[in-house]
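These figures come from a predicted structure and were not determined experimentally.
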Amino acid sequence: MVTVLAYDLGASNGRLTAQIFDGTQLHVEEIHRFSNEPLAHGAHFYWDYEKLVGELHRGLELAVPYKAAALGIDTWGVDFGLLGQNGKLLQNPFSYRDTHSVPFVERVQALIHHYDLYRRTGNEISSINTLFQLMAIAEQSELLHDTTSILMMPNLLAYTLSGEAVNELTICSTTQLLSLETKNWDTELISKLFSKPLPLADIGVTHQLIGKLQQYPEISMALVPGHDTACALSALPIEEAHSIFISLGTWGLIGTELDEPVISSKAFQRGFTNEATSERTIRFQKNATGFWILQRLRKEWQDVLTFEEERRAYQQAPAFQAIINPEDELFFNPTSMKQAIRQFCEQTNQQAPSTKGELIRCFSESVALYYAVVIEEMEQLTGDKSETIYIGGGGTQNELLCQLIANAAAKRVVAGPVEASSIGNGLSQLRALGEIHSITEGRALVKASFTMKEYEPQQTTFWQTMKGKYKQLF
């Protein structure tokens, strides 16, 4: 019997789980859960790092009875912390929702063509990427002059607990600073874009123990896939080659596993990205909006609806009253999401939804159609077809959206496990401890331990018609 602790930090909440491996099955118990959102301070958005560390320590206190052997940490991508001479964090990490990096996307074009940058790094050109955030910091402050080490968010948290300053491949593959060819920092690119070298911490080997927790020396620190999507992918019970996966939470990461990157001009133009899997292969994917729009609507409503209450409200609203493009910049970080949807509908000559049910239906139908279009494009770019979509993450609890995705994509959906990122984190630790030995063995363990729900596509002719309408509109 071996227990590991998985700290899975998302862009809207975090949780610490205990994962107990009895030799044949994996049992997951939630120890601590808390909310997480960026703080507005002055003109910028930051992560409340002191709170995140405090919540982690609170979880570890609650976890003492479990007598865990190891701890692993995963988070969202692109964000990072800057350490000074004394090894202390210089300031709260910027949130990717901050727009200070936006002007630097075009400035880079004068130094290296965006498509050349894409071919070097595999990453979609996006202002949220670490590259553009660091360029903004370099021009707007003296912080980089005082920085001795740059750690990605999960590795910063691991450093705070263990004192081990080492980055991890999957999280580094979201930065636009990693070479697709060498899978290490692209020093030539960095010298082209920055006046001096960046003190990026070295990249360690995934699925390894790297030290001990300073306050709990009986617990080893494991270097797990730092990016939550890479963790989630490791935990999906995928059996067929070329299957589509979706890691569904605040973001919806839609992709497929490949041995080699796809860096064609069309993939570049359509905004697809190539990031690392836990096995050093490629996640070819689209980083899409997940529940962000609905989360912000819920905050404006100031009350909590169950999934069943949301389903009933959805059913009472008219179908396809309005369709939005979830990726429109209006929805990135508006003061009012309801107003942003209303503005979008006015701009596209549609009747704006107003009731909760109408807004839930607008969000759900639009996201399902958008995902179906992304999957269709992905299959065209890779030349591979899939009959199955595997969905993991908290979004699998929304059975309504899972069914709509099956309808819109005309594919079978296998949903689960809910805590896919946490479980993938735990599986990596079990590999580091020598309890299991491969991703295949880990996926088989997931299949033996958790129940998945399947959705067959319905009303496919109607949904294909609506997908065609969606493509015409946007």
Side-chain angles (χ1 to χ4, degrees), residues 1-22 26-39 46-76 79 81 83 86-89 91-93 151-166 168 171 208-226 228 231-232 235 249 393-394 417-433 435 449:
M1 187 85 71
V2 177
T3 299
V4 296
L5 302 174
Y7 186 57
D8 174 37
L9 183 60
S12 60
N13 60 74
R15 77 288 298 160
L16 181 71
T17 58
Q19 301 185 28
I20 304 154
F21 179 50
D22 64 9
L26 190 66
H27 307 274
V28 177
E29 296 182 16
E30 184 176 296
I31 297 173
H32 184 48
R33 181 178 289 264
F34 55 92
S35 62
N36 179 40
E37 61 181 25
L39 300 172
Y46 303 89
W47 295 107
D48 188 346
Y49 191 72
E50 184 177 346
K51 176 195 172 184
L52 295 179
V53 173
E55 297 288 3
L56 178 50
H57 280 295
R58 173 61 179 152
L60 287 170
E61 290 172 4
L62 296 170
V64 168
Y66 287 89
K67 298 182 179 179
L71 168 73
I73 302 174
D74 67 270
T75 74
W76 65 93
D79 288 341
L83 300 180
N86 59 1
K88 301 294 185 183
L89 191 64
Q91 69 167 35
N92 271 333
L151 287 167
M152 301 306 293
M153 201 70 182
N155 309 122
L156 177 66
L157 288 160
Y159 165 78
T160 299
L161 293 179
S162 69
E164 300 294 334
V166 57
E168 187 277 331
I171 197 76
Q208 298 292 321
L209 302 178
I210 59 172
K212 299 285 187 179
L213 272 61
Q214 293 172 337
Q215 292 189 11
Y216 301 89
E218 69 279 9
I219 300 177
S220 296
M221 177 60 70
L223 193 64
V224 303
D228 50 12
C231 280
V418 173
E419 296 289 355
S421 296
S422 292
I423 293 168
N425 180 327
L427 293 174
S428 178
Q429 295 181 64
L430 291 175
R431 289 172 69 174
L433 293 166
E435 296 292 328
S449 304

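- Remark: I73 CD1 to C231 SG distance equals 11.0 Å, nearest 0.5 Å.
- The shortest heavy-atom contact between A11 and W76 is N-CE3, 4.0 Å.
- Rounding to the nearest 0.5 Å places OG1 of T3 at 9.5 Å from CG of L430.
- D74 meets the side chain to side chain donor-acceptor pair (under 3.5 Å) test with N425; sequence neighbours excluded.
- Atom CD of E218 is surrounded by more than 12 heavy atoms from other residues, nucleotides or ligands within 6.0 Å.
- When L209, L213, I210, L433 are each tested for a side chain to side chain contact (heavy atoms under 4.5 Å, CB included) with S220, only one passes: L209.
- The backbone N or O of V4 lies less than 3.5 Å from no partner atom in the side chain of Q429, so there is not a single donor-acceptor pair.
- In this structure, CD1 on I219 lies 13.0 Å from CD on Q214, to the nearest 0.5 angstrom.
- The distance from the OG atom of S162 to the NZ atom of K212 is 11.5 Å, given to the nearest 0.5 Å.
- Across A235 and A420, no two heavy atoms sit closer than the pair CB-O, 3.3 Å.
- For the atom pair S428 OG and L223 CG, the distance stands at 7.5 Å (nearest 0.5 Å).
- Applying the salt bridge (charged side-chain N to carboxylate O under 4.0 Å, His left out) test to R15 and every residue at least two apart in sequence or in another chain returns D8, E419.
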Which is it for L9 and W47 under the side chain to side chain contact (heavy atoms under 4.5 Å, CB included) test, yes or no, and what are the steps along the way?
-> CA-CA 12 Å; L9 183 60; W47 295 107; over 6 Å; no
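- For the pair G226 and P154, the tightest heavy-atom approach, listed with the atom from each and the gap, is O-CG, 3.5 Å.
- Under the side chain to side chain donor-acceptor pair (under 3.5 Å) criterion, S421 pairs with no residue, sequence neighbours left out.
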| message | Before you tell me yes or no, could you show the steps for Y159 and V166 under side chain to side chain contact (heavy atoms under 4.5 Å, CB included), namely the whole-Å CA-CA distance, both residues' side-chain angles and the distance that decides it to 0.1 Å? | response | CA-CA 8 Å; Y159 165 78; V166 57; over 6 Å; no
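- Looking at K51 and L39, their side chains never come closer than 4.5 Å, going by heavy atoms from C-beta outward.
- In this view, E30 and R33 satisfy the salt bridge (charged side-chain N to carboxylate O under 4.0 Å, His left out) rule, not counting sequence neighbours.
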Just list the side-chain donor-acceptor pairs under 3.5 Å for residues 58-72, sequence neighbours left out, or say none.
unit_1: Y66; atom_1: OH; unit_2: E29; atom_2: OE1; d: 2.7

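- Put simply, CG on L5 and OH on Y216 are 10.5 Å apart, with the number rounded to the nearest 0.5 Å.
- Residues forming a side chain to side chain donor-acceptor pair (under 3.5 Å) with S449 (at least two apart in sequence, or on another chain): none.
- The main-chain N or O of L156 is found under 3.5 Å from a side-chain atom of T160 such that the two form a donor-acceptor pair.
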**OP:** Decide yes or no on side chain to side chain contact (heavy atoms under 4.5 Å, CB included) for M152 and E168, but give the supporting numbers first.
**Re:** CA-CA 8 Å; M152 301 306 293; E168 187 277 331; over 6 Å; no
Checklist entry - Going through the checks in order, is the side chain to side chain contact (heavy atoms under 4.5 Å, CB included) test met by Y7 and L16? => result CA-CA 5 Å; Y7 186 57; L16 181 71; 3.9 Å; yes
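- V28 and I423 make their closest contact through CG2-CG1, 4.0 Å (heavy atoms, listed as atom of the first residue, atom of the second, distance).
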